[in-house]
Amino acid sequence: MVDRVTVTPEAVAVIGKLKALHGALAFHQSGGCCDGSAPMCFPAGEFKTGAQDIYLGRIEDCDFFIGAAQFEYWSHTQLIIDVVPGRGSGFSLEAPEGVRFLTRSRVFTDAEAAELEAAGPPPRGAD
């Protein structure tokens with residue numbers, strides 16, 4: 001099964017460092033305030049998900065959610081979580097490290113899109 005979200009080796013290294021500092025983590029791809037549409041990293045359980053959040057999968061053993069409105073825009077693409085130098089303006093855990101997570105994307109191939117369609121919609125977050 002094709003992954004809806006994946007991660008670059010550079011981001012893997014940052015996630016590993018953050019897990020060592022903060023324990024289990026979770027991500028949420030927002031589409032609103034603060035850092036715009038940047039992926040936000042939180043200690044697991046500190047960001048409450050609800051029916052408006054879509055579960056995309058796991059990266060480095062971390063749950064990854066996206067807001068339903070954002071999912072509608074990006075459902076045809078694989079999200080690729082990367083990291084770049086600089087501080088974001090949000091509340092994401094990587095900010096003190098002098099880097100920020102960034103979402104890149106690529107359009108699913110026709111075969112991948114068909115596979116995802118056959119699998120049905122991804123699950124929603126907790127109510």
Quick one: do T49 and Y55 satisfy side chain to side chain contact (heavy atoms under 4.5 Å, CB included)? Show the steps, please. CA-CA 9 Å; T49 59; Y55 177 74; over 6 Å; no
Which pair of non-hydrogen atoms, one from K19 and one from C62, has the smallest distance, and what is that distance? CD-SG, 4.2 Å
Does some side-chain heavy atom of L56 sit less than 4.5 Å from a side-chain heavy atom of F71? yes
For the hydrophobic clusters of this structure (ILVMFWY residues joined by side-chain heavy atoms under 4.5 Å, transitively), does one cluster hold both I59 and V12? yes
Any Lys/Arg nitrogen of K17 or E97 sitting under 4.0 Å from an Asp/Glu carboxylate oxygen of the other? yes
Test item: E112 side-chain N/O and T109 main-chain N/O as donor-acceptor pair under 3.5 Å: yes
Between Q29 and F64, which heavy-atom pair has the shortest distance, and what is it? CB-CE2, 3.8 Å
Any pair counted as side-chain hydrogen bond (donor to acceptor under 3.5 Å, both in side chains), so long as it reaches residues 71-80, sequence neighbours left out: Q78-R106
Tabulate below the donor-acceptor pairs under 3.5 Å that side-chain atoms of residues 114-125 make, not counting sequence neighbours, or state none.
| from | atom 1 | to | atom 2 | distance (Å) |
| --- | --- | --- | --- | --- |
| E115 | OE2 | M1 | N | 3.2 |
| E115 | OE2 | V2 | N | 3.1 |
| R124 | NH1 | A51 | O | 2.8 |

Under a 4.5 Å cut-off applied to non-hydrogen side-chain atoms, are L79 and T6 in contact? no
Correct closest heavy-atom pair for F108 and R4 would be CZ-CA, 4.1 Å
Rounding to 0.5 Å, atoms CG (D53) and NZ (K48) come to a distance of 12.5 Å
Could you state the interatomic distance from CD (Q70) to NE2 (H28), rounded to the nearest 0.5 Å? 9.0 Å
Carefully, step by step, assess T8 and I80 under the rule side chain to side chain contact (heavy atoms under 4.5 Å, CB included). CA-CA 7 Å; T8 66; I80 304 161; 3.8 Å; yes
Taking all heavy atoms of S92 and all of P39, pick out the closest pair and write down the distance. OG-O, 4.0 Å
Test log, rule side chain to side chain contact (heavy atoms under 4.5 Å, CB included), inputs F27 and D63: CA-CA 6 Å; F27 285 82; D63 288 339; over 6 Å; no
State, yes or no, whether a side-chain contact exists between I15 and L25 at a heavy-atom distance under 4.5 Å. yes
For this output row, return yes or no: ring centroids of F47 and F65 closer than 6.0 angstrom. no
Shortest non-hydrogen separation from I81 to A11 and the atoms involved: O-CB, 3.5 Å
